[in-house]
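Below is one structure, written out as structure tokens; the observations come after it.
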Amino acid sequence: MNHTLAWVTLIVAGLFETAWAVGLKYTDGFSRLWPSIGTLLAMLLSVLLLAAALKTLPIGTAYAVWTGIGAVGTAFCGMLLFGEPRSVARLLCILLIVAGIVGLKLLTPSDD
């Protein structure tokens with residue numbers, strides 16, 4: 001897998017991480033069948049895509065970016081879907097995570 005494709009794969013993996021984290025809210029403790037199936041499928045896809053990206057990208061960078069995308073995506077979904085707080089301090093902290101993700105991407109050498 002080339003470097004660019006590995007990054008795209010990692011971003012998609014992070015989006016699936018967001019999906020399963022949000023999906024957990026809808027499973028009601030895995031007591032609801034379809035939300036539980038969707039959540040488990042998102043978990044599986046997220047980990048499989050992360051594993052594929054790790055064939056090319058350094059684990060420390062890839063794991064940090066994967067969890068960062070999941071954390072930022074889940075925080076935004078929490079605000080949009082569940083009415084969680086949108087304070088300036090909270091948004092600034094999310095921005096710091098995004099800055100870390102971008103920094104890791106920019107500082108990771110390319111094999112291309």
Show the numbers, then the answer: is there a side chain to side chain contact (heavy atoms under 4.5 Å, CB included) between Thr61 and Lys105? CA-CA 8 Å; Thr61 299; Lys105 165 58 176 114; over 6 Å; no
In one Ile/Leu/Val/Met/Phe/Trp/Tyr side-chain cluster, 4.5 Å: Met1, Leu49: no
The criterion is ring-ring contact (aromatic ring centres under 6.0 Å, His included); which residues satisfy it with Tyr63, sequence neighbours excluded? Trp66
How many angstroms lie between atom NZ of Lys25 and atom OG1 of Thr39, to the nearest 0.5 angstrom? 13.0 Å
State, yes or no, whether a side-chain contact exists between Thr108 and Pro58 at a heavy-atom distance under 4.5 Å. yes
Please list, chain by chain and in numerical order, all residues satisfying side-chain contact (heavy atoms from CB on, under 4.5 Å) with Ala19, sequence neighbours excluded. Ala42
Quick one: hydrophobic cluster around Phe30, which other residues, with the 4.5 Å side-chain cut-off, linked directly or via members? Trp20, Leu24, Leu40, Met43
Residues which pass salt bridge (charged side-chain N to carboxylate O under 4.0 Å, His left out) with Arg90, listed by chain and number, not counting sequence neighbours: Glu84
When rounded to the nearest 0.5 angstrom, what distance separates CD1 in Ile94 from CD1 in Ile97? 6.5 Å
Report the hydrophobic cluster partners of Leu48, with the cluster defined as I, L, V, M, F, W, Y residues connected by side-chain heavy atoms closer than 4.5 angstrom, directly or transitively. Leu44
Among the clusters formed by ILVMFWY side chains lying less than 4.5 Å apart, do Leu91 and Ile101 turn up in the same one? yes
Determine whether Trp7 and Leu106 fall in the same hydrophobic cluster, where Ile, Leu, Val, Met, Phe, Trp and Tyr are linked whenever their side-chain heavy atoms lie under 4.5 Å apart. yes
Mind listing the side-chain donor-acceptor pairs of residues 72-82 below 3.5 Å, one per line with the distance, residues two or more places apart or on another chain?
from: Thr74; atom 1: OG1; to: Gly70; atom 2: O; distance (Å): 2.6

In residues 8-18, what donor-acceptor pairs under 3.5 Å come from side-chain atoms, sequence neighbours left out?
from: Thr9; atom 1: OG1; to: Leu5; atom 2: O; distance (Å): 2.8
from: Thr18; atom 1: OG1; to: Gly14; atom 2: O; distance (Å): 3.3
from: Thr18; atom 1: OG1; to: Ile69; atom 2: O; distance (Å): 3.4

Going by chain and number, the hydrophobic cluster around Trp34 (ILVMFWY, side chain to side chain under 4.5 Å) further includes Leu33, Ile37
With the 4.5 Å side-chain cut-off for hydrophobic clustering, are Ile59 and Leu50 part of the same group? yes
Which residue pairs satisfy the salt bridge (Lys or Arg N to Asp or Glu O under 4.0 Å) criterion with at least one member in residues 48-59, sequence neighbours excluded? none
